[in-house]
Asker: 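Quick one: the structure is below, questions incoming.
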Amino acid sequence: MEEIIQEVIVVEGKDDIARVKSALNCDVMATGGYAFGEKFLRELKKVEARRGVIILTDPDYMGKQIRNRLTEALASPKQAYLPQDKALYKDDIGIENARPEDIRKAIFRAKPMKKSYEETFTKADMIRYGMTGASDAAERREKMAEALGIGHGDGKQFLRRLNSFGITVEEFERIYGEVFGE
């Protein structure tokens, strides 16, 4: 745990805090689930202004809802994603189940999502790279999303995230080559 993370990492619960702190030298705040209120958001906005925020929620439906709500409320939080298979223990999906090295990887790949963006990638690009329209498209998207640190999604979500996170064509093609050996 050499490198100190400047930003405050926002997770869902106490077990997530413990797991993230075991992986990184950082400060962590928990939302306590979806029911966090305006007081928590005001405090988080102050933290974001001073130090920045990285959102790391569980890779499940509720985690996505919490992430969306936080992203809407904050100016420019960084987004960190863990694939479901990296946060799974038996039937439980959560950050508290992730290995420290997977948490570190997700945090170091965190990127801010742009509220407005230019369309760098199109649906035609997704077809050309086999991210949609191919029999193995879902698997290919999952591999690329993990390598890029942008979170897994269906074809439309993947395309939106590529553009929202400002992924360049050069970055995409370099990672694509690393992942698929092409």
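The first residue of the sequence shown is numbered 1, and numbering continues consecutively from there.
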Asker: Taking all atoms of both residues into account, what is the closest heavy-atom pair of Ile175 and Ala147, and its distance?
Answerer: CG2-CB, 3.4 Å

Asker: To the nearest 0.5 Å, what is the distance between CZ on Arg128 and CE on Met126?
Answerer: 8.5 Å

Asker: Phe40 and Tyr34: same hydrophobic cluster, using ILVMFWY side-chain contacts below 4.5 Å?
Answerer: yes

Asker: Would you call Phe36 and Ile66 a side-chain contact if the rule is heavy atoms closer than 4.5 Å?
Answerer: yes

Asker: Is it true that Leu82 and Ile107 fall in one hydrophobic cluster, defined by side-chain heavy atoms closer than 4.5 Å?
Answerer: yes

Asker: When rounded to the nearest 0.5 angstrom, what is the spacing between CZ in Arg160 and CZ in Phe165?
Answerer: 9.0 Å

Asker: On the ring face of Tyr81, is Arg67 found with NZ or CZ under 6.0 Å from the centre and within 45° of the axis?
Answerer: yes

Asker: Can you tell me how far CG of Asn25 sits from NZ of Lys21, rounded to the nearest 0.5 angstrom?
Answerer: 7.5 Å

Asker: Carefully, step by step, assess Tyr129 and Phe172 under the rule ring-ring contact (aromatic ring centres under 6.0 Å, His included).
Answerer: CA-CA 10 Å; Tyr129 288 108; Phe172 182 89; 4.7 Å; yes

Asker: Which atoms form the tightest heavy-atom contact between Gly63 and Thr57, and what is the distance?
Answerer: O-OG1, 3.0 Å

Asker: Starting from the C-alpha separation in whole Å, work towards a yes-or-no answer on side chain to side chain contact (heavy atoms under 4.5 Å, CB included) for Ile5 and Asp27.
Answerer: CA-CA 8 Å; Ile5 305 297; Asp27 292 323; over 6 Å; no

Asker: Can you get from Leu56 to Leu74 by hopping between Ile, Leu, Val, Met, Phe, Trp and Tyr side chains that sit under 4.5 Å apart?
Answerer: no

Asker: If you round to the nearest 0.5 Å, how far is OG1 of Thr120 from CG of Asp125?
Answerer: 9.5 Å

Asker: Test Glu7 against every option in Arg50, Arg51, Lys78 by the salt bridge (charged side-chain N to carboxylate O under 4.0 Å, His left out) rule and name the one that passes.
Answerer: Lys78

Asker: Is atom CD of Glu178 surrounded by more than 12 heavy atoms (other residues, nucleotides or ligands) closer than 6.0 Å?
Answerer: yes

Asker: Working to the nearest 0.5 Å, report the span between NZ of Lys86 and CD of Glu146.
Answerer: 4.5 Å

Asker: Got a donor-acceptor contact below 3.5 angstrom from the Glu48 side chain to the Ala75 backbone?
Answerer: yes

Asker: Could you tell me whether the side chain of Asn163 and the main chain of Phe121 form a donor-acceptor pair under 3.5 Å?
Answerer: yes

Asker: Of all heavy-atom pairs between Cys26 and Val28, which one has the smallest distance, and what is that distance?
Answerer: SG-CG2, 3.7 Å

Asker: Any side-chain heavy atom of Val11 within less than 4.5 Å of one from Asp58?
Answerer: no

Asker: Do the side-chain N and O atoms of Thr71 and Asn68 include a donor-acceptor pair separated by under 3.5 angstrom?
Answerer: no

Asker: Determine yes or no for a side-chain-to-main-chain donor-acceptor pair under 3.5 angstrom, with Arg161 supplying the side chain and Gly151 the backbone.
Answerer: yes

Asker: Side chain to side chain contact (heavy atoms under 4.5 Å, CB included) between Tyr176 and Met131: does it pass, once the steps are laid out?
Answerer: CA-CA 11 Å; Tyr176 185 88; Met131 300 293 129; 3.7 Å; yes

Asker: Please determine if Lys105 and Asp102 form a salt bridge, counting it only when a charged side-chain N lies under 4.0 Å from a carboxylate O.
Answerer: no

Asker: Are any side-chain N or O atoms of Gln84 and backbone N or O atoms of Pro59, one a donor and one an acceptor, separated by less than 3.5 Å?
Answerer: yes

Asker: Can Met29 be reached from Ile54 by stepping across I, L, V, M, F, W or Y side chains whose heavy atoms are under 4.5 Å apart?
Answerer: no

Asker: Determine, for Arg174 against Glu170, whether the closest basic-nitrogen to carboxylate-oxygen distance falls under 4.0 angstrom.
Answerer: no

Asker: Supply the atom-to-atom distance Gln157 CD to His152 NE2, rounded to the nearest 0.5 angstrom.
Answerer: 8.0 Å

Asker: With a 4.5 Å cut-off on side-chain heavy atoms, are Pro100 and Arg19 touching?
Answerer: yes

Asker: Under a 4.5 Å cut-off applied to non-hydrogen side-chain atoms, are Met144 and Val179 in contact?
Answerer: yes

Asker: Look at the side chain of Lys111 and the backbone N and O of Leu148, then say whether any donor-acceptor pair between them is shorter than 3.5 Å.
Answerer: yes

Asker: What are the two closest heavy atoms between Arg104 and Ala23, and how far apart are they?
Answerer: NH1-O, 3.1 Å

Asker: With the 4.5 Å side-chain cut-off for hydrophobic clustering, are Val53 and Leu24 part of the same group?
Answerer: no

Asker: Thinking salt bridges, do Lys143 and Glu139 make one under a 4.0 Å N-O criterion?
Answerer: yes

